[in-house]
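What follows is one structure encoded as structure tokens, with my remarks underneath.
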Amino acid sequence: MAVKTETLGHGHGYGHGVMTQEEYVEQRDLRFLGFLLFLFTDSIFFTAYIFAALYLRSAAPVWPPVGVERPDVNLGAVNAIILFGSGITAHYAMHRLKESRLAGYIWFTIATIILGSAFLGGQAYEYAHIHATWSGSTFGAAFFTLTGLHGFHVLVGVVYLIVTLLQSLAGKYTPERHFGLTAATLYWHFVDVIWVVLFFLFYIY
Amino acid sequence: MSTDTIDILRRAEAPIHPAPESFIKKYIFSVDHKVVGIQYFIVSGLMILLSGLFAEAIRVQLTGPHNTFLTPQQFDEAFTFHGTLMVWFGAIPLVTGAFGNFVMPLQIGARDVAFPWLNMFSFWTFPPAVLILLSSLAFGAPNAGWTEYPPVSLQAGVGIVFWTTAVFTVGIGATLTALNFLTTVIKMRAPGMTFTRMPLFVWASAVTAVLSLVATTALASALGSLFLSHVFNVPFYDPSRGGTVVLFQHMFWFYSHPAVYILIIPVFGIVSEIIPTFARKPIFGYKLIAYSTVSIALLSFMVWAHHMFTSGLGPWVTMPFMILSMLIAVPTGIKIFSWTATLFGANLRLTTAMLFVLGFLSTFTIGGITGVMLASVPVDWHEHATYFLVAHIHYVLFGGTLMGVLGGIYYWWPKVTGRLMNEKLGKWHFWLTFIFFNATFLPMHFVGLLGMPRRVAYYDPAFHGLNLFISISAFLLAGAFLLLFANAFWSLKKGQAAGPNPWGARTLEWMISSPPPHYNFKEIPEVYSTPYGYGEPLPYSAPYNQVSTTPTY
Amino acid sequence: MDIAHIADTIGALGAIVVGFFAIRFLRKEWKLKGADIGITKVMLTLLVIGCVEALLVGLRIVGQTPLSTH
Ligand code: HEM
Ligand SMILES: [Cu+2]
């Protein structure tokens, strides 16, 4: 059996040394499940604040409260589409890597990073122009807390993508072994779809 | 690649890392689940002691109706620290971090948890969190109780910032531990160990992990908003700007009701291990116990508002919550009856561990009954925030969680240290604990029913006699713990060598030497059946079926 | 044309393009199996919903009421 003696045995999360394909598959299994559980708990964080927002809304006679305005929905839609589009480029990048087309992977990842940063820029613009403050009203409280939390996640995602890009330039990922990339892509999708909900909550509903 | 190949690989004598040599790698920043478990045990044990000191300070104050031992301000800080330390820094890390880490991987025949490095990280969120919490004592300690309801919690000084940060930090560790445990149980069970062959403690650990994954993050959001309210003046909870304090109660209890099950479900697991071992017969209703744990976990997310019956929710909210809360008594009752049925007709061996479990059964049942009483809205309007509630929580948490944990300590001590404890001393410890526990907390029901409120530094002189009695019992109860320390030191110094399986138990951790070797299992065992088939051959592949199951203590 | 109309046009067109690709991916992945694919499917479906939101905003069907009472 192809067990290399310098390897770690199964499932040790801190794999160094050479892994056999079998061990890699098993490690990948563990880490994948662990990562999904992480995304799950993270989604609870958002869910809790979304419920808080709905609760505050139900306690207010009008929403947003008098004197407070929603962010501009038209610009918001453009910004949302920028973020959603970055989900598509991230998806392309992943596929390119699986098909061993490294150049395509690199360009699509760079596109994702640029779109993600553009979204953050749009957020900053919005923060600067909205007629609401964090401490002024419950709408502001919910809006800035949730979009701030989300913006933080986008920022982490951008950094994460940059790191995986550098790692893959250093040859860390191959079409067979790319757990780090799978995780980054999933995380990016996650950040995307959270915005689907938040966009509805603050711009439309 | 097929799962079969992986299984074969697991069973192979896969090469294992040499044990770490340096002191730091071995004892401080260890990735070994056994060491992490012991680290958790030590720190959370210290926290329980510290918390106990705060409790004794409360009881000193309450020896007289208008005592001046503590100022009202200090009194508030004392019960806040008592509750906070017990729940997040004592009991939860003890039942998950300590017992879960040490026992669960051994019981599923794994060499470690899924992410050993992450496990080490989880532990190391814990000591800093302790420091943050304790440093608040120097800057104006939090004083609104472990529940920290606004607006009171927001009126105190900067202490609330420390408090939220500390609990948040320890919560990160708890969440990562849960993630780690769940992955471990799902992916790393020994070949042949199907879900319905898992030891019940493993079931309990897995279900607790699910609770923790959902609830702890919800708590994090509640803590986050409290933090933001104080630091950035965000108006979540400020009615003058449209906020509402009831929102905090919802966010807090959505976590904290499941949290009481995070505190008790692992103990259900401990009890389910100890009872069959000393009854020497298969556990009654293995599947019932396992599935009722799952249903308790599900229900526990649907009952949080029973803590808020007096917060002005409409009857259309309180009624469903009342019914669902009472419903939880059904799966809990299933467990109690299954354990009792296991005891029925058994040739009981009354070791210290078993005595503590019997103590658990009786006191926890009383706590469950008072819980159902409180779950009834009209009763709760009368009893909410009185000493009756304090009696309830201590019958379930001291009489339940802590007694079960003490049983677990006496049970697994020989596995961890390789030495037996002194049974005679242990029995003294049990009887003193059991008697003074009841002497302390039973009268609280009465003063509570008579109307004595919780969390107040002074009380009506009419309650003086009972309170004095309670306080004296509480001091003696604390004194009984000295016997545990004496026993532990005695055992480490002079204790008889335990051998692999002193109790004649049948779960996997007893099939290897005590203490277990580095990497636990040289070869990963194969499992053919549930562990509880007393009287049958051991259901493991060789060499793990060689140990004698005759008790040797 | 004012800025809001330009934004609307970009938003609506963008929504159509992004939605198109999201649906195309979804159709490609639909028959594949595996845990990560399953999650990706859920994510892409939500992404399509997000595009519908943006499209409706761009077409000025939703999101135009300044105050809502409930
Ligand atoms: C049959 C099961 C149970 C029921 C029906 C029940 C019901 C209740 C109710 C209605 C309250 C709120 C009383 C009030 O605030 O007025 C309460 C409080 C509490 N329960 Fe239980 N309970 C049960 C089991 C448990 C268990 C197993 C634990 C922990 C191991 C527990 C821990 C607590 C704690 C800590 C509080 C007090 C929280 C505070 O500080 O306000 N309960 N219980
Ligand atoms: Cu509760």
Side-chain angles (χ1 to χ4, degrees), chain A residues 1-14 17 20-27 29-38 40-53 55-56 58-61 63 65 68 133-142 144-145 148-149, chain B residues 1 5-6 8-10 12-17 31 110-119 175-176 178-180 182-184 186-188 209 212-222 224-225 228-229 232-236 238-239 241-244 246-248 250-251 254-255 519 524:
Chain A
M1 200 179 345
V3 186
K4 294 205 181 126
T5 34
E6 70 271 35
T7 58
L8 220 60
H10 79 96
H12 288 283
Y14 47 56
T20 60
Q21 181 64 22
E22 289 83 352
E23 283 160 348
Y24 170 73
V25 169
E26 202 178 320
Q27 276 231 353
D29 267 12
L30 289 180
R31 291 164 66 188
F32 185 70
L33 180 61
F35 194 75
L36 283 190
L37 293 177
F38 162 73
F40 173 69
T41 25
D42 206 13
S43 72
I44 303 274
F45 214 158
F46 284 100
T47 313
Y49 279 123
I50 289 170
F51 271 101
Y55 193 91
L56 290 172
S58 74
W63 190 257
V68 178
T133 58
W134 203 6
S135 56
S137 65
T138 46
F139 180 85
F144 284 101
T145 308
L149 188 65
Chain B
M1 185 166 75
T5 336
I6 293 178
I8 292 168
L9 239 158
R10 281 188 182 173
E13 269 196 44
I16 53 187
H17 261 345
V31 291
R111 290 195 176 135
D112 208 320
V113 291
F115 310 110
W117 192 90
L118 194 68
N119 204 21
T175 312
L176 293 177
L179 185 158
N180 215 338
L182 204 56
T183 313
T184 310
I186 293 178
K187 290 279 179 194
M188 293 177 62
S212 198
L213 271 183
V214 180
T216 312
T217 321
L219 173 72
S221 66
S225 48
L228 296 176
S229 302
F232 296 106
N233 198 17
V234 182
F236 289 105
D238 181 354
R241 285 173 289 162
T244 146
V246 178
L247 173 60
F248 179 80
H250 280 299
M251 292 172 86
F254 182 79
Y255 159 81
Y519 265 67
I524 301 295

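Values reported hereafter were calculated over all heavy atoms of this structure, with side chains retained and with hydrogens, waters and symmetry mates removed. Sequence lines set the chain letters: A, B, ... in the order given, protein chains first and strands last, and positions in each chain run from 1.
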Taken to the nearest 0.5 Å, the spacing of B:L247 CG from A:L56 CG works out to 5.0 Å
First locate atom CZ of B:F236, then atom OH of A:Y49, and finally report the distance between them rounded to the nearest 0.5 Å. 6.0 Å
Residue A:F38 versus chain B: region with a heavy atom under 4.5 Å: both
So, the part of B:I186 with a heavy atom under 4.5 Å from chain A: the answer is side chain
With a 4.5 angstrom heavy-atom cut-off, could you sort out which part of A:F45 is near chain B: side chain, backbone, both or neither? both
Ranking B:T184, B:L176, B:N233, B:N180 by heavy-atom pairs under 4.5 Å to chain A gives rank one to B:N233
Report the distance from atom CG of B:L213 to atom OG1 of A:T41, rounding to the nearest 0.5 Å. 5.5 Å
Would you say that B:F115 contacts A:R31 through its side chain, given a criterion of any heavy-atom pair below 4.5 Å between the two side chains? yes
As an exercise: rank B:T216, B:V214, B:V246, B:D238 by heavy-atom pairs under 4.5 Å with chain A and give me the winner. B:V214
4.5 Å side-chain heavy-atom contact, A:D29 and B:K187: yes
Residue among A:G34, A:G140, A:G136 with most heavy-atom pairs under 4.5 Å to chain B: A:G34
For B:L228, is it the side chain, the backbone, both or neither that has a heavy atom under 4.5 Å from a heavy atom of chain A? side chain
Check A:A48 against B:M251 and note the closest heavy-atom contact, atom names and distance. O-CE, 4.4 Å
Looking at side-chain heavy atoms only, is the closest gap between A:D42 and B:T217 below 4.5 Å? no
What is the distance from atom CG of A:L33 to atom OG1 of B:T183, rounded to the nearest 0.5 Å? 4.5 Å
Side chain, backbone, both or neither of A:T138 within contact of chain B (heavy atoms, under 4.5 Å): both
Atom CD1 of A:I44 and atom CZ of B:F254: how far apart are they, to the nearest 0.5 Å? 6.5 Å
For B:R241 and A:S135, indicate whether the former's side chain and the latter's backbone hold a donor-acceptor pair under 3.5 Å. yes
For chain B, which of A:T133, A:T145, A:L36, A:T47 has the most heavy-atom pairs under 4.5 Å? A:T145
